[in-house]
Structure formats: C-alpha cells, structure tokens
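Step one of this worksheet: look at the structure below.
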Protein chains: 2
Amino acid sequence: MASSETGSRRVTIDDVARSAGVSRQTVSRALNDKGEIGVSTKQRVLDAALELGYRPSRFARGLVRQDAISVGLVIPDLLNPFFTEVAAAALDAARARGWHVVVYDTGDRVEEERGTLEVIASQVDAVVGYLRQPEDEVDKLMRGLPVVLIDRERRTERFSSIRIDGEGGVHAAIRHLVDSGHRRIGMLDHAGRSEPSIRHDWFVSAMSACGLDAGSVSRADQSVEGGERALKALLTDHPATTAVFTFNDIIAIGALRAARRLGRRVPRDLAVIGFDGLRLGSLVEPPLSTVALDTRGLGALAVEQTARLLATSSPLSGDELVVRAELRLRESA
Amino acid sequence: MASSETGSRRVTIDDVARSAGVSRQTVSRALNDKGEIGVSTKQRVLDAALELGYRPSRFARGLVRQDAISVGLVIPDLLNPFFTEVAAAALDAARARGWHVVVYDTGDRVEEERGTLEVIASQVDAVVGYLRQPEDEVDKLMRGLPVVLIDRERRTERFSSIRIDGEGGVHAAIRHLVDSGHRRIGMLDHAGRSEPSIRHDWFVSAMSACGLDAGSVSRADQSVEGGERALKALLTDHPATTAVFTFNDIIAIGALRAARRLGRRVPRDLAVIGFDGLRLGSLVEPPLSTVALDTRGLGALAVEQTARLLATSSPLSGDELVVRAELRLRESA
DNA sequence: AACGCTCCCGTGAGCGCTCACGTTACCGCT
DNA sequence: AGCGGTAACGTGAGCGCTCACGGGAGCGTT
C-alpha cells in the first residue's frame with residue numbers, strides 16, 4: 001500500500017524500473033507480456049508496478065504506436081429512445097471499423113454542449129452527432145477536426161451533415177388519414193425551439209397537397225408527459241379534431257395515453273401517427289403508426305461519412321447524405 | 001487539395017511550420033489561439049494547416065498537458081432500456097467529474113467482449129461495466145487497470161463489484177401476490193446462461209417464506225418476444241397459474257402482451273410483476289408493477305467507486321457497494 | 001579453445017506536441 | 001542618443017512510452 005504520494009507526480013515507467021532494479025524496457029516487456037524476459041524478473045517488475053500503483057499513460061503509449069482512432073458522439077439525451085437507437089447504430093458501425101467511440105450526453109442543454117465541444121477537441125479524431133451550436137462556434141471549437149452533423153435543420157455548407165427527409169413519409173401519412181375520412185387533422189409539434197420545426201413544414205405542405213388548410217398545432221415537450229399535455233390542450237381548443245400527427249413517437253405515445261384518459265378510442269375516435277419509427281412504438285397499446293426512420297442506417301451513414309472525411313477520400317455529398325422516412329402503419333391510424 | 005500523400009507519413013506540426021515559414025511554436029499559437037502572434041501570420045499558418053490537412057495528434061497533446069481521464073464503459077446491449085438507463089447515469093456522473101466515457105456495446109457476445117477488453121486497455125484509465133469474462137481473463141487483459149464490475153452474480157474478490165440485492169424486493173413482491181390471494185405463482189427466468197439466475201433463487205426463497213412450493217418456471221430470451229413465448233409456454237404447461245414474476249421488465253412486457261392475446265385480463269386473471277423498474281414500464285398498458293432498481297444510483301455508484309480506485313483513496317467495500325431493489329406497485333399486480 | 005546460439009536485458013532515439021524561456025525588432029519617451 | 005517596454009516570434013527541453021538495436025552471460029558443438 002504505497003500511497004505515500006507526497007508530491008503528486010505521476011508514477012512513470014522509470015519509477016517502476018528503478019524500484020525493480022531493471023530498465024524501462026524490461027518493465028515494458030513485463031507489462032505487455034512479450035517474451036525476452038525471465039520469469040522471476042517479470043514477477044518482480046509486476047509486483048513493483050502494483051506496489052507503486054503504476055498505470056501506463058495511454059497518451060505516451062498511443063504516441064509511439066499508431067493507435068486506433070476514436071470519434072466523439074454527441075447526443076442530446078441518451079434516454080430518449082430515438083437517440084439511443086442512433087447511438088447504438090453508430091457504436092456498431094464504429095466497432096466494425098475498430099474505432100473507439102466517446103459518448104457525450106449534453107442533456108439537451110446548449111451551454112453544456114459548448115463545454116463538451118471545448119473539451120472534446122483534444123480527445124478525439126472526429127466528431128459526429130447532434131449539435132445545436134451555430135456553425136462559426138463549431139468551426140472555432142473544432143479547428144479542423146472532421147465534423148458530421150445529423151439532422152441539422154438549417155443547411156450547412158461548412159460541415160458534412162446527414163439530412164433527414166421525411167417529406168414523402170409525412171405526405172403518405174396525411175394522405176392515409178384523409179383517405180380514412182379524416183378532415184380535421186392537428187399536429188403536436190415540439191416546443192424546443194422558437195420557430196416551428198421542419199416536420200411541421202412537411203405537415204403543412206402535405207395538408208395543402210390534400211386540399212386541406214393547415215390544421216391546428218400545439219407545442220409539446222419531448223416527453224410522454226409533454227405529449228399528454230399537448231394533446232389535451234389541442235383537444236380543448238379544437239374538440240372536433242379526429243387525427244393528429246406528432247413531431248416524434250415519444251410525443252405520440254403521450255398522446256395515446258391522453259386519448260385513453262379522455263375516453264377517446266384510438267384509432268376510432270382519434271387517429272395518431274408519430275414520427276421516428278421507434279421499436280418502442282410497437283409495444284404500446286394500440287401499436288403506434290409512424291413515419292419511420294431507418295435509425296440503423298442513419299448511424300451507419302454518419303460513421304461512413306466520418307470515415308471518408310478522416311481518410312480525405314471522396315466524401316459523400318448531396319443525396320447520398322439523405323435518410324428518407326416512410327410511413328409504417330400499425331394500429332393507431 | 002494537397003492530397004498528394006506519397007508516403008503515408010502523418011502530417012505533423014513541423015510540416016505546417018515549414019510550409020508556413022514559421023516555427024512549431026507559432027503554429028501551436030495559431031491553432032490554440034493564444035495571443036503573441038500577428039494576425040497575418042496566424043492566417044497564413046491556418047491556411048497552411050488546412051492545405052496540408054493537418055490534424056493535431058491527441059496523444060502528443062495529451063502527453064504534455066495533463067489531460068482529462070477517460071473510462072471505458074462496457075455494456076452488453078445498449079438497446080436494452082435497462083442498460084441505457086445505467087449508461088446514461090454513468091455518463092452523467094462521469095461528466096460531473098469531467099471524465100470522458102468510451103462506450104463499448106458488446107452485443108451480448110462473450111467473444112466480442114474479449115476483443116473489446118483487449119483493445120480497451122490502452123485507451124482508457126479504468127473500466128466499468130458488465131463483464132461476463134472469467135476473472136483471470138479480465139485480470140490478464142487489464143493488467144492493473146482499475147476495474148469496477150456491475151451485477152456480477154458470482155462473487156469477486158479481485159475486483160470491485162457493485163452488487164444488486166433484490167432479495168427484499170422480491171420477497172415483498174411475492175408477499176404482495178400472496179396477500180392478493182395468489183397461490184400458483186410462476187416465474188419467467190432468463191434463458192441466457194445454463195443455470196438459473198440469482199433472481200430465481202430469490203424467487204424460490206420468497207415463495208418458501210410464504211409457505212409455497214417453488215412455482216413453475218419458464219426460460220425467456222431477454223426480449224419482448226421472448227417474454228411472450230415464455231408466458232405462453234408457461235400457461236400451456238401450468239394453466240392454473242394466476243401470477244408471474246419475471247427476470248426483468250422487458251420480459252414482463254412481453255408477458256403482458258401475451259396475456260392480452262390469450263384473453264387473460266391483467267391483473268384480474270393474471271398478475272405480472274417485473275424486475276428493474278424501467279421508466280418504460282409505466283408506459284405500457286396496464287402500467288407494470290416491478291421490483292425497481294435505482295439505475296441512476298447504480299451508475300453513479302459505479303463511477304464513484306472508479307474514482308476512488310483511480311485516486312487510490314479508500315475504495316468502498318462491502319455494503320457500500322450494494323444497490324437494493326424495492327417493490328414498486330403500479331397496476332399489473 | 002573457438003565458435004555459434006539462445007536467452008535476457010539495457011541503451012539511444014524518437015513519436016508530436018506544449019511550456020518556459022530567449023531573442024529580435026520596433027515603438028515611444030526623456 | 002539612450003533607455004525601457006511590448007509585440008512577435010524562435011529555441012531547447014521534456015512529457016512517458018515503445019522500437020530497433022546492441023551486448024553480455026551461459027550453454028553446447030566441433
């Protein structure tokens with residue numbers, strides 16, 4: 001128990017060498033068990049290392065042998081199942097390449113995100129994820145690190161970004177609702193930012209394509225409870241509403257619960273269609289119809305693009321960076 | 001576009017310096033924008049860096065400035081909501097300490113886990129998570145790295161391990177079922193390993209404490225579908241069963257679905273109690289009663305212990321490393 | 001006795017970067 | 001003219017480790 005650390009200097013390989021009466025190289029051999037070392041010597045070195053509490057510096061080690069690359073994955077909220085799925089997909093794609101993934105959950109706070117990016121830059125070889133930071137800020141913080149943004153609503157020239165195209169899917173969803181006889185269709189948009197979401201734009205455009213006025217809209221926090229509250233508010237203001245499209249599945253699930261509490265049968269009295277295609281959606285009652293995104297593909301695509309940027313080999317662009325969403329009908333509509 | 005990389009040598013700070021006609025230090029100043037540098041010079045350096053595709057080595061940088069520590073988090077399956085919650089909690093606790101967390105999803109494959117550990121050792125300062133590897137294996141691979149295991153069913157002397165104690169909670173659950181009039185109580189255990197789980201032991205002991213014989217048991221894969229199949233099997237073999245306790249909430253949710261399909265009303269015809277306390281459990285219909293674990297506390301505790309090991313300051317031990325589960329009644333029982 | 005071989009082990013160099021200093025040039029002030 | 005002062009740069013050293021060597025001891029072989 002030699003925690004007799006007076007000065008807080010780090011225990012280096014030389015300390016161990018001195019303590020065991022051998023050279024650095026021998027210590028290195030013992031620790032990484034490559035041969036060319038006597039059994040007793042090896043044991044002595046190992047003991048000394050343990051005694052001193054020696055832990056090799058991964059930086060020094062990484063410096064000399066060209067080590068694996070590692071990317072930072074920035075996620076707003078890992079507990080949101082959508083991001084969980086994307087993260088899992090990215091992790092998987094990264095592992096296939098032998099990469100290490102450092103995960104940062106910003107808790108959906110922009111200031112937190114800034115701090116994260118600041119600290120991330122010197123730790124990883126590239127960054128991929130959801131960033132709310134303005135471009136210049138990212139540029140300044142990353143200083144040339146490859147960056148792959150996901151679902152950046154405003155277009156980005158400076159960085160690669162995976163775009164989510166839900167237009168077709170949302171049109172199909174609204175079309176389906178209209179074909180089922182619905183006319184008064186509302187939307188539960190997210191309440192995060194000040195302006196309406198892109199998904200709301202798609203909704204409006206789909207409505208007008210069906211010859212309907214933009215329906216009534218309520219803002220919801222990205223949580224089940226948020227969805228509940230928002231649906232109640234919407235139905236209070238517009239009781240004649242017979243169908244809702246929601247910003248995402250989490251909100252839709254909240255809407256499902258609220259509908260049940262309000263005594264509205266789904267889909268008979270109220271049809272609900274979400275967005276994202278969460279696996280979770282098939283577990284609730286009734287199973288949620290949704291405009292589904294291929295989250296696996298999304299994560300894989302983001303990693304693929306990162307790889308290309310890292311290799312400076314013909315990065316993907318334009319349409320290759322788009323993930324399309326499509327209507328997946330279950331039972332809620 | 002100077003991708004005229006003939007030899008694949010890395011672009012270093014000296015290359016940039018030479019190309020910009022300045023010294024390393026000046027390049028460093030430009031990139032980390034600390035002052036003491038002329039505006040035009042800075043721009044010239046930045047241009048050169050971009051031109052050459054220069055990316056600083058995080059190892060070299062980390063070596064000289066004493067950089068943040070980073071831990072590896074090993075998870076069997078991030079898509080399993082339980083592990084998601086633990087991971088999120090660990091991420092949070094780690095961020096509070098300014099740590100970086102490298103996440104590895106082994107996909108529940110033991111061989112994959114071995115490979116992961118092999119590669120992890122030189123990348124992180126400590127490892128925490130769910131390891132199925134035998135102790136000696138871990139010891140050999142980690143070579144002195146601090147390791148904190150979670151929910152290791154067999155006791156471990158060599159490594160710190162966070163133990164999950166569900167005994168009291170399971171007893172309370174069975175007691176509750178018995179008090180509600182149930183006598184024929186089955187269990188849906190997991191099918192992962194060959195021998196029954198510890199949770200099954202708790203179940204048996206709780207049953208006998210209530211004066212009942214060990215109920216019938218069916219094995220289930222850790223998935224919703226697995227739970228469905230297992231409940232059907234159980235009810236086929238033992239149709240008189242009126243209540244089931246399950247290995248975890250995921251399986252319980254499967255049981256809930258199967259019960260509905262079989263026309264059994266929950267909790268009237270069949271009571272269901274899960275294990276884990278997932279947030280997800282409150283979303284299904286009916287909301288799932290469960291023996292709940294404080295996943296947040298679990299993650300935090302694991303990180304706390306890691307911190308102590310890292311500082312070689314009085315690690316926690318014994319009872320301090322136990323997380324207790326307690327019955328959380330909702331509506332499925 | 002001389003050679004060769006294997007088994008251990010040590011020595012110098014260098015990975016790419018930052019830090020603490022020097023050094024130079026240029027300005028204003030007395 | 002001489003001084004101090006500051007802005008803008010360069011120079012050596014060193015972070016902790018591994019790699020490619022080099023070298024001695026001990027053994028057997030001809």
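Predicted, not measured: the structure shown is a model, and the values here were computed from it. Naming convention: chains lettered A, B, ... in sequence-line order (proteins, then strands); numbering from 1 in each chain.
Among the heavy atoms of the strands lying under 4.0 Å from Ile37(A) are primed sugar atoms or P, OP1, OP2 only; no base atom is included.
No hydrogens or angles were tested; on distance alone, nothing pairs the side chain of Arg55(B) with the base of dG16(C) as donor and acceptor under 3.5 Å. For Arg58(B) and dG16(C), a side-chain-to-base donor-acceptor distance below 3.5 Å is absent, hydrogens and geometry of angles not being considered.
If you take OH of Tyr54(B) and P of dG16(C), they are 10 Å apart, rounded to a whole angstrom.
Taking for each of Ala60(B) and Arg44(B) the nucleotide of DNA chain D with the nearest heavy atom, the 5'-most of the two is the partner of Arg44(B). Looking at which nucleotide of DNA chain C each of Glu36(B) and Ser57(B) is closest to, the 5′-most match is held by Ser57(B).
In plain terms, the two heavy atoms of Thr295(B) and Ala89(B) that are nearest each other are O-CB, 3.7 Å.
If you check dT18(C), dC9(C), dT18(D) against the side chain of Arg24(A), the one that comes closest is dT18(D). Proximity note for Gln25(B) (side chain, C-beta onward) versus dC9(D), dT11(D), dC19(D): the nearest is dT11(D). Side chain of Ser23(B), nearest nucleotide from dG10(D), dC19(D), dC17(C): dG10(D). Comparing dC17(D), dT18(C), dC9(C) against the side chain of Val64(B) picks out dT18(C) as the nearest. Distances were taken from every side-chain heavy atom of Arg61(A) (C-beta onward) to each of dG10(C), dC15(D), dT18(D); the shortest belongs to dT18(D). When the nucleotides dC9(D), dC9(C), dT18(D) are ranked by their closest atom to the side chain of Ile13(A), dT18(D) comes out on top.
Contact check, Ser28(A) against dC19(D): no side-chain N or O comes under 4.0 Å of OP1 or OP2. Applying the 4.0 Å criterion to OP1 and OP2 of dA8(D), one finds that Thr26(B) has every side-chain N and O outside that range. Within the structure, a side-chain polar atom (N or O) of Lys34(B) is placed less than 4.0 Å from OP1 or OP2 of dC19(C).
When the C1' atoms of four end pairs are superposed on the next four at each end of the helix from dA1(C)-dT30(D) to dT30(C)-dA1(D), using five pairs per end, the two resulting axes differ in direction by 50°, to 10°.
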